[in-house]
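So the structure is just underneath, and the comments pick up after that.
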Number of protein chains: 4
Amino acid sequence: MPLSEEQRLNMKKRRQKILDTAVHLFATEGYEGTTIKKIAEAAEISFGNVFTYFKDKEQLFIASVVEPLEAISDQILDFNEHAEDPVAELLEMVKKHIKLFAGEQNYLTLVVQVVGQHQRFPEPFDHLDQFHDKWRNKIGRLIESGQEKGLLQKQEPIPVATLYTSLLIGIRLNNTDTRYSNMWDQYITPTFQLFGPIH
Amino acid sequence: MPLSEEQRLNMKKRRQKILDTAVHLFATEGYEGTTIKKIAEAAEISFGNVFTYFKDKEQLFIASVVEPLEAISDQILDFNEHAEDPVAELLEMVKKHIKLFAGEQNYLTLVVQVVGQHQRFPEPFDHLDQFHDKWRNKIGRLIESGQEKGLLQKQEPIPVATLYTSLLIGIRLNNTDTRYSNMWDQYITPTFQLFGPIH
Amino acid sequence: MPLSEEQRLNMKKRRQKILDTAVHLFATEGYEGTTIKKIAEAAEISFGNVFTYFKDKEQLFIASVVEPLEAISDQILDFNEHAEDPVAELLEMVKKHIKLFAGEQNYLTLVVQVVGQHQRFPEPFDHLDQFHDKWRNKIGRLIESGQEKGLLQKQEPIPVATLYTSLLIGIRLNNTDTRYSNMWDQYITPTFQLFGPIH
Amino acid sequence: MPLSEEQRLNMKKRRQKILDTAVHLFATEGYEGTTIKKIAEAAEISFGNVFTYFKDKEQLFIASVVEPLEAISDQILDFNEHAEDPVAELLEMVKKHIKLFAGEQNYLTLVVQVVGQHQRFPEPFDHLDQFHDKWRNKIGRLIESGQEKGLLQKQEPIPVATLYTSLLIGIRLNNTDTRYSNMWDQYITPTFQLFGPIH
DNA sequence: TATGAATGAGCGTTCATTCAT
DNA sequence: CATGAATGAACGCTCATTCAT
C-alpha cells in the first residue's frame, strides 16, 4: 500500500522539523548534551518516531551538519571569480559573507564544534573540509585575478584565502552575544584590507 | 605527621599530569566524550585517584580551561602599547601571536569549544571573556596610537582589534591538520594588513 | 496511539510488584542496604525499568512507606468512638489491632525504620506522623467516653492512647521471629489493662 | 618497645571517643549513611587511625551496639525479683525503666535499627536478644511472685513481661520529638496497669 | 508509520580498605 | 602509632536502542 501524497508531504515536513530541532540542540548543548528525548519533545513528535527518520543518533548528527551545508553553500559560493573588476567583486563578497555569517549563529556554532573536534566527528568534518577547499580555491582564483590586474598586492593567494575564511568563522565564534552585533558593518573595511588592495 | 617533601612534589607532578591529560582529551573528544576512566588511564593513575585532585569532572574541566590561561596570558599580552613606533610593534606582535597560536593547538581547541558553547560552560567562559576584553583593549590602544601618529588608516580601533583576535582563533580552528603548518609564516603579512598600515 | 487496555493492566501489576518487592527489601535490608539492582532482580524486571515507574530511589522509598499506609489506615481506624459500650469497643479494637499488627511484619518493620530515623526520612515520616495523630486522637476520644461513663479509671486519655500505639509497634518490633507467634492471643488481656477498666 | 602508661591511657580515651561518635552517627544516619570519614572528623582523629582501633566498619558497628549494652544492662536489671512486696518493686522498676529509656535516645535508636533489621545485623542482634531474654525472664519471675502472693491477676508471666519490654522500646520509638517529653511521668501509672495489680 | 515501555551498558561519584611514609 | 593518598568495586542514574503493540 503506497503512501498517499499527503502522507509523503507530512513525513517530509516532520523530518525537516526533527532536523531543525537537532541543529539547534546540537549547537547549543553539544552532542552528548543533546538527547533523543529532548529532540522529540522539542519537535513535538514521539520519542520512538525519531528513529523512523534517522537510523541512529550519529546519522542524525551527520545530517544536521551536512544538509544545511548544501543549503548554504550556494549562497557562500555566490560570487564571480571571473569578474571584470575583481576588487569590487571581492568587496561585495566580503559584505555578503559577513551578512550571511552574522545571521547564521546556530548552524555555524555546530560547524565550529565539528571542526574543533574533527577527530571525533570525521564523517561530517570531511564534508565541511571538502566544501572549505572548494570555497578557498574559488576565492584564491579571484585574488589571483586581482593581482594579475595589478589591483592587489602580490601575496600567495591560498594563504590569504585561508586567512579570510578563518577570519569569518573567528568573528562568528567571538561574537557570542549581541553586545557588538551592530559592529558587523564595521568589520567590512578592515576585513577587506586582508587582500591588500592598492589604492 | 605531614607529608614529606618528596610526596608533596610527587603529588604536584601527578596533578599536573592529570591536568595535561584532561586538556588534551577535552580538546579532542569534548566534555562528554571525555570520561574520567579515559583520563585516569591516559594519566596512568587509578580511577578514583582523579578525585583526590579534583572535586568532580566539572571542576577538572574548569581547571583545564583556566589554569593554562594563566600560564599563557602573559605571553599573549607581551607587547608595548606605548611603543615609539606602533606599527613596528604591531608587526612584531602579529609575529609573536601567530607563532604562539601555531604551537598551542591542544589548549586552543579547548578554548574554541568553551567559546563556541559558552551557554553550556558559563564559568570557564567568563574567565576567557575577561581575558579577551583585556587583550582586545590593549591592542586597541596600540592601534589608536598608530592612528594618531598618522601611520595607520583611521578605523574604529576596537572592532579592528576584535577582528584581529577573531582571525587568530579562526586560523587555529581552520588549520586542523598539518597540511598547512608551513603556511603560518605566510599569514603574517596579510594579517598585518588588517590594521591598515600606510606605506 | 495510546496503550492498550492489556498493557495498562500489565504496567499496573508491574508497578505493584516493584513496590511490594521494595517494601520487603527496605524493611529487611534498610535504605542503603537495598539497591535498585536487588529490587529489579527480585521483581524479575530489568534494572532500568524500575525508573519507568519511580523517578528515583527516594521516590520509591517514599511510595513504599506511604502507599501501604493508605491501604491499611482504614482498617486501623475501623472502630466506633461513639459506641454505646466504650469498654467492649476498646476490647474489640485491641483484638483487631493485635491481629492486624501480627500479620503485617514486613511493612511495619519499614515503618519502624522511618520512625526510628525520622531525621533521615522527613517526608515519609510526616505522613506516618499525621496518621498517628489522627489515630491517637480517635482512641483518646473513645477512652474519654469510657471514663465519663465511669467504666474506666480517670487517666489522661492522650498519654494512654500514646502508650497503646507504642505498645503495638513495640510488640511488632520485639517479635522478630516466629518463636512467640502463638503468643499474640495472650497479649490481648494485659494490653487491654492499659486502659484501666473497672471491674 | 612497650607503650608508656600515658600512651595507653590516651589510646583508651581515643578508642572511647571513636565509639561514642560512632554510636551517635550510626543512630542518626544509619549504617551506610555513616562513613568512616565522618566518624574520624567528628572524633577529631585522622581517617586512617580509626582502623588502628577497629578492624573494619562492621566491627566498629558491632562494638557500638554491644559495648554500651554492657554498660546499661546492669542498670536495667537493677530490681529485686525476690522482693517482699513484688507489686511495690514492680512500680519502682517501671519508674526506673521509664526514666532510663527517656534519657537514652541515642543508643536506643541504634538498638531499634538492629532489632528492626536483625537479618542484616545478626551478630549485634544476637547480643541484644540474649540480654532481652535475660531481662524478660527476670521480670517474669517477679510477676510470678506477685501472682503467687495474690497481688496480681493471673496471667502468663512471660507474655506480660514481653509486652512490658515492647512497651518501653515502643515509647522510645514513638516519642521522636520533645512535644511529649513532659509526658514521661504520665506513662508510669498506665504502664503499671499492664501487670494487672489487684486493688 | 507511530508509540513509549523495556533493556542494559556506561557514566560520574562514593567510600571501605590498604599501605607507604 | 598516625597519616592521608591510592585503589577499585559498587552504587544510582541516564539514555541510545529495540521492539511489541
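The sequence lines fix the lettering, A, B, ..., with proteins before strands; numbering per chain opens at 1.
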Taking any strand in view, what nucleotide pairs with F:dA20 in a Watson-Crick or G-U wobble way, both distances under 3.5 Å?
E:dT3
Please name the nucleotide paired to E:dG12 by Watson-Crick or G-U wobble geometry with both distances under 3.5 Å, or report none.
F:dC11
Does the side chain of D:Lys57 reach to within under 4.5 Å of the side chain of D:Leu60, using non-hydrogen atoms?
no
Starting at [atom1] of [X] and ending at [atom2] of [N], how long is that distance when rounded to a whole Å?
X: D:Glu58; N: E:dC15; atom1: CD; atom2: P; answer: 18 Å
X: B:Phe61; N: E:dG12; atom1: CZ; atom2: C1'; answer: 16 Å
X: A:Leu25; N: F:dA16; atom1: CG; atom2: P; answer: 12 Å
X: C:Glu29; N: F:dC11; atom1: CD; atom2: C1'; answer: 15 Å
X: C:Arg15; N: E:dA5; atom1: CZ; atom2: P; answer: 13 Å
X: A:Asp56; N: F:dC15; atom1: CG; atom2: C1'; answer: 14 Å
X: B:Glu32; N: E:dG12; atom1: CD; atom2: P; answer: 9 Å
X: A:Lys13; N: E:dT1; atom1: NZ; atom2: P; answer: 18 Å

Going by ring-ring contact (aromatic ring centres under 6.0 Å, His included), A:Phe26 matches just one of A:Phe61, A:Tyr107, A:Phe121. Which one?
A:Phe61
What is the nucleic acid contact for D:Arg14, judged by heavy atoms within less than 4.0 Å: base, sugar-phosphate only, or nothing?
sugar-phosphate
With a 4.0 Å cut-off on heavy atoms, is D:Tyr53 in touch with a base, just the backbone sugar-phosphate, or nothing at all?
sugar-phosphate
Specify the residue among B:Tyr31 and D:Tyr31 whose closest nucleotide of DNA chain E lies further upstream toward the 5′ end.
B:Tyr31
Using a strict cut-off of less than 4.0 Å between a Lys/Arg side-chain nitrogen and an Asp/Glu carboxylate oxygen, indicate whether D:Glu67 and D:Arg15 qualify as a salt bridge.
yes
Between the side chains of A:Arg120 and A:Glu32, is the shortest nitrogen-to-carboxylate-oxygen separation below 4.0 Å, so that they form an ion pair?
yes
So which atom in C:Leu173 and which in D:Val115 form the shortest heavy-atom distance, rounded to 0.1 Å?
O-CG1, 3.4 Å
Where the side chain of B:Thr34 meets the backbone of B:Leu25, is there a donor-acceptor pair that is under 3.5 Å apart?
yes
Check each residue of residues 33-52 of chain D for a non-hydrogen atom within less than 4.0 Å of any atom in DNA chain F, then write out the ones that pass by number, or none.
D:Ser46, D:Phe47, D:Gly48, D:Asn49, D:Thr52
Without hydrogens or angle criteria, can the side chains of C:Asn49 and C:Ser46 be said to hold a donor-acceptor pair below 3.5 Å?
no
